[in-house]
K.L.:
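Handing you a structure now.
Throughout, a chain's letter reflects where its sequence line sits, starting with A, and its residues are numbered from 1.
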Amino acid sequence: MIHDTRVTPLNDRPDNVGRYVLYWMQAAQRSRSNHALELAIRRANAMALPVVVVFGLTETYPDANARHYRFMLDGLKEVAADLSSRGIAFIIRFGSPDEVAIELAGDAAFLVADRNDLRLPRKWRLGVAKAVSCPMVEVETDVIVPVDVVSHKHETQARTLRPRLHRQLADYLQPMADTDPEVRADGLRGLPPSTVDLTDTVRVVAGLPIDATVKPVRRLAPGRQAGLKQLDAFIAGPLQGYGSGRNEPAAFRVSFLSPYLHFGQISALEVALAVQADRRSNEEDRKAYLEELIVRRELTFNFVRHHPDNYDSLDCLPGWARKTLADHRSDPRDPCYDIPTLEVAETHDPYWNAAMREMIHTGFMHNYMRMYWGKKILEWMKTPEEAFGATLHLNNKYFLDGRDPNSYGNVLWIYGLHDRAWTERPIFGKTRYMAASGLERKFDIKAYVRAVDRLVAAETN
DNA sequence: ATCGGCTCGCGCAA
DNA sequence: TGCGCGAAGCCGAT
């Protein structure tokens with residue numbers, strides 16, 4: 001089922017004569033459980049046309065490096081195989097994604113894109129809508145409930161978003177059938193060929209002018225099949241007891257699904273449905289995970305939607321947070337670190353260093369440690385602006401799930417976004433403070449340090 | 001071990 | 001207008 005509310009027209013071109021329906025894949029890099037692809041297939045069937053899927057591979061996506069590209073391209077390899085087995089053409093070409101889409105849209109009767117509110121893909125999409133002569137729509141398939149259905153404004157706290165979201169959930173938490181096209185694309189002639197050879201993604205990545213020092217990781221295998229396998233493993237294991245055990249860093253009672261969600265290799269909808277249907281877990285465990293997957297995740301999508309120009313800036317913090325950080329701007333920092341010191345994980349704090357090493361070497365970090373890690377950077381750098389810039393930079397460079405709406409919302413949480421004021425103290429002002437003593441009091445944090453040693457060894461041996 | 005205070009702004013009840 | 005309450009906080013008092 002595809003609700004009309006997922007679909008937004010991006011231009012008002014009249015019906016167009018064309019040879020196929022085109023789906024320009026951007027964020028939703030999957031061939032199943034994808035409302036945008038599904039809409040394209042249904043349109044094509046209604047018009048008795050084949051479906052073409054196009055992907056433009058830019059060499060210069062901000063912050064992207066070998067780690068991200070390998071994960072993405074290995075995922076796209078599976079997309080290509082599955083689409084082709086269903087009679088859907090898949091074309092992947094080097095170039096700016098908007099230009100690649102415009103090139104293919106020349107022969108399209110109808111153009112579908114998947115929605116993503118981050119600046120660059122959004123700018124590309126709006127430019128394409130103007131440039132093409134066929135009708136174009138965007139489909140929201142990254143979220144369970146379309147952002148504008150939940151609320152028309154920025155919800156400043158989870159507790160204001162939560163009831164609005166829950167009111168819509170019964171309606172939107174519905175499985176989506178995957179339709180096959182009735183007209184195969186095999187007969188299409190004269191399409192621009194793929195210029196990216198997905199049979200050898202190692203070579204493709206080696207040929208790109210990107211940072212190769214951030215290497216692919218072994219910890220998380222790329223692609224939809226790996227993502228679905230991880231989902232099964234999560235439900236069978238860590239979900240059991242998730243409610244009470246999710247914050248213990250050494251236990252890694254986490255889903256590890258965020259990289260797959262970030263690249264769109266699996267959908268939040270199918271994850272939510274699978275978790276909801278599980279009967280081995282108790283209700284508390286399922287509720288705790290669904291709160292994170294749905295409420296907390298879609299809170300950041302709401303945030304980005306309503307701060308299109310400054311979601312990556314401290315300007316969009318609530319007034320109390322901006323004021324209190326400014327009041328403490330010149331508080332002395334001791335210690336005071338620069339990015340190179342942080343990036344080699346050589347601070348005085350062994351817990352922080354462990355978190356940083358987990359991030360650098362495995363592309364991932366335990367949820368709870370992400371908060372501690374970010375709070376300490378605020379504490380240890382000269383100004384909040386410098387700390388924020390460094391945190392976002394490291395986040396987007398090393399995490400497989402970086403450069404996501406979640407990244408911006410959650411990094412800003414460190415600085416008070418979606419949070420509240422607490423006791424005033426140096427540097428932090430009234431933003432929430434976190435201390436190493438808290439880790440020692442509540443967790444077996446030394447076990448986390450040892451666990452990271454093992455994880456790093458497994459990546460580098 | 002547990003509890004209250006810290007502190008702001010939103011939404012709702014009245 | 002008043003009141004309750006909030007992602008993971010800390011800290012000191014009991």
K.L.:
Give the nucleotide from the list B/dC10, C/dA7, C/dA8 with an atom nearest to the side chain of A/Met371.
P.N.:
C/dA8

K.L.:
Which residue in the set A/Tyr372, A/Tyr448, A/Tyr368 passes ring-ring contact (aromatic ring centres under 6.0 Å, His included) when paired with A/Phe443?
P.N.:
A/Tyr368

K.L.:
Rounded to the Å, how far apart are A/Glu248 CD and C/dA7 P?
P.N.:
22 Å

K.L.:
Mind checking the P distance from B/dT7 to C/dG12? Whole angstroms is fine.
P.N.:
15 Å

K.L.:
Please report, to 0.1 Å, the donor-acceptor pairs under 3.5 Å made by any side chain of residues 452-461 of chain A, with sequence neighbours excluded.
P.N.:
from, atom 1, to, atom 2, distance (Å)
A/Asp453, OD1, A/Arg357, NH1, 2.8
A/Glu459, OE1, A/Arg218, N, 2.8
A/Glu459, OE2, A/Arg218, N, 3.2
A/Glu459, OE2, A/Arg219, N, 2.9
A/Thr460, OG1, A/Val456, O, 2.8
A/Asn461, OD1, A/Arg218, NH1, 3.1

K.L.:
Could you please name the option among B/dG9, B/dG11, C/dC10 that lies closest to any side-chain atom of A/Thr160?
P.N.:
B/dG11

K.L.:
So, does A/Lys153 get its side chain near the phosphate of B/dG11, meaning an N or O under 4.0 Å from OP1 or OP2?
P.N.:
yes

K.L.:
Taking the six-membered ring for Trp, is the centroid-to-centroid distance between A/His154 and A/Phe303 below 6.0 Å?
P.N.:
yes

K.L.:
Rounded to whole angstrom, note down the P distance from C/dA7 over to B/dA1.
P.N.:
28 Å

K.L.:
Over how many whole Å does the gap from A/Asn367 atom CG to C/dA7 atom C1' extend?
P.N.:
11 Å

K.L.:
Could you label the plane-to-plane angle of the A/Phe263 and A/His68 rings as parallel, tilted or perpendicular, counting under 30° as parallel and over 60° as perpendicular?
P.N.:
tilted

K.L.:
When the ring planes of A/Tyr289 and A/Phe234 are compared, do they come out parallel, tilted or perpendicular, using 30° and 60° as the limits?
P.N.:
tilted

K.L.:
Over 60° means perpendicular and under 30° means parallel, so tell me whether A/Tyr433 and A/Phe428 are parallel, tilted or perpendicular.
P.N.:
perpendicular

K.L.:
Could you check which of B/dG9, C/dC10, C/dA8 has an atom nearest any side-chain atom of A/Trp320?
P.N.:
B/dG9

K.L.:
Taking the six-membered ring of A/Tyr311, is the NZ or CZ of A/Arg305 close enough (under 6.0 Å from the centre) and on axis enough (within 45°)?
P.N.:
no

K.L.:
Using a cut-off of less than 4.0 Å, is there contact between a side-chain N or O of A/Arg159 and OP1 or OP2 of C/dG4?
P.N.:
no

K.L.:
In whole Å, what is the span from the NZ atom of A/Lys375 to the P atom of C/dA7?
P.N.:
14 Å

K.L.:
Between B/dC8 and A/Lys430, is there an OP1 or OP2 to side-chain N/O distance shorter than 4.0 Å?
P.N.:
yes

K.L.:
A/Arg370 near the nucleic acid: base, sugar-phosphate alone, or nothing, with a heavy-atom cut-off under 4.0 Å?
P.N.:
nothing

K.L.:
Considering only NZ, NE, NH1 and NH2 on the basic side and carboxylate oxygens on the acidic side, decide whether A/Asp401 and A/Arg370 come within less than 4.0 Å.
P.N.:
yes

K.L.:
Heavy-atom contacts under 4.0 Å between residues 409-428 of chain A and DNA chain B, which residues?
P.N.:
A/Ala421, A/Trp422, A/Thr423

K.L.:
Rounded to whole angstrom units, what separation is found between the CZ atom of A/Arg162 and the P atom of B/dC10?
P.N.:
17 Å

K.L.:
Taking CD from A/Glu440 and P from C/dA8, how many angstroms apart are they, rounded to a whole number?
P.N.:
21 Å

K.L.:
Name the stems that DNA chain B belongs to, where each is three or more consecutive Watson-Crick or G-U pairs with both distances under 3.5 Å?
P.N.:
B:1-6 with C:9-14, B:8-13 with C:1-6

K.L.:
In whole angstroms, how far is the P atom of B/dC10 from the CZ atom of A/Arg164?
P.N.:
13 Å

K.L.:
Using atom OH of A/Tyr433 as one end and atom C1' of C/dA7 as the other, report the distance to the nearest whole Å.
P.N.:
19 Å

K.L.:
Looking at every strand, decide which applies to A/Lys323 at a 4.0 Å heavy-atom threshold: base, sugar-phosphate, or nothing.
P.N.:
nothing

K.L.:
With no hydrogens and no angle check, is any side-chain donor or acceptor of A/Trp320 less than 3.5 Å from a backbone partner on A/Pro318?
P.N.:
no

K.L.:
Got a second to check how far A/Leu290's CG is from A/Leu273's CG, nearest 0.5 Å?
P.N.:
9.5 Å

K.L.:
Let's see if you can work this out: which of C/dG6, C/dA8, C/dC10 has an atom nearest to the side-chain heavy atoms of A/Gln157?
P.N.:
C/dG6

K.L.:
Please state how far atom CZ in A/Phe443 lies from atom C1' in C/dA8, giving the value in whole angstrom units.
P.N.:
8 Å

